[in-house]
J.: 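Before we start, here is the structure in question, set down as structure tokens.
What you see below is based on every heavy atom in this structure, not just the backbone, and it leaves out hydrogens, waters and symmetry mates.
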Amino acid sequence: MAELQHANGWDVVVVGAGPAGGLAALDLAQRGLRVLLVEKRAFPRWKVCGCCLNAQAQAVLAAVGQGQLIESQGGVPLRRLQLGHRGRQASLALPDGRALSRERFDQALVEAAVAAGASFRASTTAQLGPADATGRAVTLHERGSRLPQSVRAKVVLVAAGLAQRCIPAGEAGAPIIQRHSRIGAGCVLPSAAAAYPSGRIHMAIGREGYVGLVRREDGQLNLAAAFDRQAIQCPGPSSSGGAAAAARTVLTSAGFPIPLGLEQARWQLTPALSRRAAVVAGKRFLVLGDAAGYVEPFTGEGMAWALTAGAAAAPLVLAGLECWSPALERRWQRELRQQIGRRQRLCRGLALLLRQPGATAVAFGVSQHLPAVAEQLVAQLNHVTVPSLQVSPCP
């Protein structure tokens with residue numbers, strides 16, 4: 001019973017079992033570290049996400065010995081990108097991609113991490129406590145339990161999503177949210193929505209935002225969108241508000257059919273998408289995944305960003321286990337910029353273009369009449385850059 005054995009002392013506590021946290025926990029456990037992975041929600045669980053894994057995501061998984069994970073879970077090959085704008089259609093070839101539900105993908109990562117020796121606690125929130133020269137306290141609150149538990153870790157990895165609240169406010173600072181940032185919305189629709197065949201990403205582009213639809217491995221239709229806030233006018237983060245109406249507007253404008261069950265679906269919303277953390281490293285902690293920064297993921301890069309950060313974390317964790325320093329924290333900032341920053345800047349530029357109706361019309365015309373040019377851009381966006389997994393000397 002590894003969790004009982006290490007209940008009060010861990011090499012690493014990872015907060016958040018999404019792609020970034022799950023992959024980091026797996027990689028560190030494979031390297032022989034005592035790892036505790038904590039997730040606030042019960043598993044398996046669905047999240048607002050396009051559930052697409054591009055060439056970058058697959059290459060990172062292969063680099064940590066999980067090259068067969070997607071296929072083993074029934075990941076659906078993606079061959080075409082079907083764009084819709086103002087009633088017109090364009091079809092582009094896609095480099096090798098896969099669609100896999102977050103329920104199945106995240107669960108598979110967690111199971112791989114546990115098989116490698118990590119311990120996992122779902123339905124548990126975490127709060128960083130005091131730090132000293134050798135480690136950091138972490139307070140765990142398990143749902144249904146009145147008494148919190150305090151554990152200790154040499155390093156804490158915070159991969160707790162867009163709205164993470166586990167770092168003390170005085171250390172985390174306020175997130176920097178881009179003005180007019182869109183918010184995410186999504187749902188899963190029944191397999192009867194036959195208008196959207198498997199093997200394609202369907203992307204509807206409208207003035208209020210965009211809607212992506214893809215067939216999952218279980219036959220259901222995954223819908224993930226980014227909308228202007230005023231297009232939804234939702235009263236709270238747990239309400240669908242006007243998400244269904246906004247999706248209908250964008251789909252109709254793009255000339256896409258309205259899938260069965262759109263209004264009756266159980267919708268989830270996200271906080272503002274385009275943001276970055278004020279602090280990505282501090283005393284014995286690193287921030288990664290969506291918690292470190294995110295932009296509107298029109299290109300389907302979200303999962304790849306998270307997995308890349310998860311793989312990049314392990315070498316710095318190993319270097320900092322015994323000799324944490326401000327230099328290591330600065331190195332993590334540089335690592336995030338080098339591995340993910342460039343890819344996010346490209347997506348940020350594309351998101352800005354999509355807010356300009358004239359520029360969007362021109363870009364769509366190129367995709368429609370000169371698909372080879374657009375496909376070259378798509379291929380560049382899928383360029384693979386796997387971070388080094390070698391442990392570098394302690395700074």
Side-chain angles (χ1 to χ4, degrees), residues 49-59 61 70-71 73-102 104-105 186-206 209-226 247 250-260 262 296-305 343 346-347 350-351 353-354 360-384:
C49 178
C51 71
C52 296
L53 294 135
N54 63 10
Q56 171 72 9
Q58 295 176 70
L61 286 169
I70 298 172
E71 184 177 355
Q73 297 301 313
V76 178
L78 296 172
R79 305 301 185 197
R80 306 292 299 181
L81 171 62
Q82 189 76 25
L83 298 170
H85 178 250
R86 294 182 180 176
R88 298 181 296 163
Q89 307 284 310
S91 181
L92 305 176
L94 275 178
D96 186 35
R98 294 288 186 276
L100 184 62
S101 66
R102 287 293 299 272
R104 191 167 291 185
F105 179 70
C187 63
V188 178
L189 301 174
S191 56
Y196 295 92
S198 179
R200 290 186 174 226
I201 301 174
H202 300 82
M203 187 68 69
I205 306 166
Y210 48 86
V211 177
L213 306 100
V214 68
R215 189 73 61 180
R216 310 187 334 169
E217 77 287 345
D218 58 5
Q220 296 189 83
L221 190 65
N222 190 86
L223 186 153
V250 172
L251 290 169
T252 301
S253 171
F256 281 10
I258 305 302
L260 184 68
L262 186 71
E296 293 175 25
F298 180 85
T299 59
E301 279 262 297
M303 299 261 272
W305 297 335
R343 307 181 79 97
L346 288 171
C347 292
L350 187 54
L353 180 146
L354 292 173
T360 302
V362 170
F364 187 85
V366 171
S367 299
Q368 190 176 33
H369 300 294
L370 298 170
V373 175
E375 288 170 355
Q376 187 175 27
L377 175 60
V378 171
Q380 290 179 358
L381 288 169
N382 279 271
H383 176 66
V384 173

J.: Is any side-chain heavy atom of P190 closer than 4.5 Å to one of L221?
T.: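 Counting from C-beta outward, L221 and P190 never come under 4.5 Å.
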J.: One pair to check against side chain to side chain contact (heavy atoms under 4.5 Å, CB included): S91 and R200. What are the steps and the verdict?
T.: CA-CA 9 Å; S91 181; R200 290 186 174 226; 3.7 Å; yes
J.: What residues form a side-chain contact (heavy atoms from CB on, under 4.5 Å) with A226, not counting sequence neighbours?
T.: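 If we apply the side-chain contact (heavy atoms from CB on, under 4.5 Å) test to A226, skipping adjacent residues, the hits are R182, Y210, L273.
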J.: Might you work through the side chain to side chain contact (heavy atoms under 4.5 Å, CB included) test for L223 and L262, ending with a clear yes or no?
T.: CA-CA 9 Å; L223 186 153; L262 186 71; 3.8 Å; yes
J.: Does some side-chain heavy atom of W305 sit less than 4.5 Å from a side-chain heavy atom of Q56?
T.: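 SC-SC contact between Q56 and W305 ruled out.
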J.: Do P259 and Y196 make a side-chain contact, defined as non-hydrogen atoms from C-beta onward lying under 4.5 Å apart?
T.: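 The answer is yes, as the side chains (C-beta and beyond) meet within the 4.5 Å cut-off.
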J.: Taking all non-hydrogen atoms of both residues, which atom of A195 and which atom of P257 are closest, and how far apart?
T.: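 Nearest heavy atoms, A195 then P257: CB-CG, 3.5 Å.
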J.: State which residues pass side-chain hydrogen bond (donor to acceptor under 3.5 Å, both in side chains) with E217; sequence neighbours excluded, sorted by chain then number.
T.: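 side-chain hydrogen bond (donor to acceptor under 3.5 Å, both in side chains) list for E217, sorted by chain: S101.
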J.: If I compare all heavy atoms of Q82 with all of F256, which pair ends up nearest, and what's the gap?
T.: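 What the structure gives for the nearest pair is O-CZ, 3.7 Å.
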J.: Kindly indicate whether the side chain of Q89, heavy atoms from C-beta on, has any atom under 4.5 Å from the side chain of L83.
T.: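 Side-chain contact under 4.5 Å: no.
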J.: Do L94 and R80 have side chains that approach each other closer than 4.5 Å (heavy atoms only, starting at C-beta)?
T.: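 The answer is no, as the side chains (C-beta and beyond) never meet within the 4.5 Å cut-off.
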J.: State which residues pass side-chain contact (heavy atoms from CB on, under 4.5 Å) with Q58; sequence neighbours excluded, sorted by chain then number.
T.: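 Result, side-chain contact (heavy atoms from CB on, under 4.5 Å) vs Q58: I70, D96, R98.
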J.: Which pair of heavy atoms, one from V250 and one from G206, lies closest together, and at what distance?
T.: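 Between these two residues, the closest heavy atoms are CG1-N, 3.8 Å.
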J.: Could I get the full list of side-chain hydrogen bond (donor to acceptor under 3.5 Å, both in side chains) partners for R88, not counting sequence neighbours?
T.: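 Result, side-chain hydrogen bond (donor to acceptor under 3.5 Å, both in side chains) vs R88: Q368.
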J.: Going from CZ on R102 to SG on C51, what distance comes out if it is rounded to the nearest 0.5 angstrom?
T.: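 Those atoms lie 9.0 Å apart.
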J.: Which heavy atom in V76 sits nearest to a heavy atom in G199, and how many Å separate them?
T.: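 The pair with the smallest heavy-atom distance is CG1-N, 4.1 Å.
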J.: I'd like to check the side-chain contact (heavy atoms from CB on, under 4.5 Å) partners of Q220; sequence neighbours left out, ordered by chain and number.
T.: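 Listed in chain order: V188, R216, D218.
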J.: Is there side-chain contact between L189 and L260, with at least one heavy-atom pair below 4.5 Å?
T.: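 Counting from C-beta outward, L189 and L260 never come under 4.5 Å.
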J.: L100 versus Q73: any side-chain heavy-atom pair under 4.5 Å?
T.: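 The answer is yes; the side chains approach within 4.5 Å.
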J.: I'd like to check the side-chain contact (heavy atoms from CB on, under 4.5 Å) partners of C52; sequence neighbours left out, ordered by chain and number.
T.: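 side-chain contact (heavy atoms from CB on, under 4.5 Å) list for C52, sorted by chain: L78, I201, V214.
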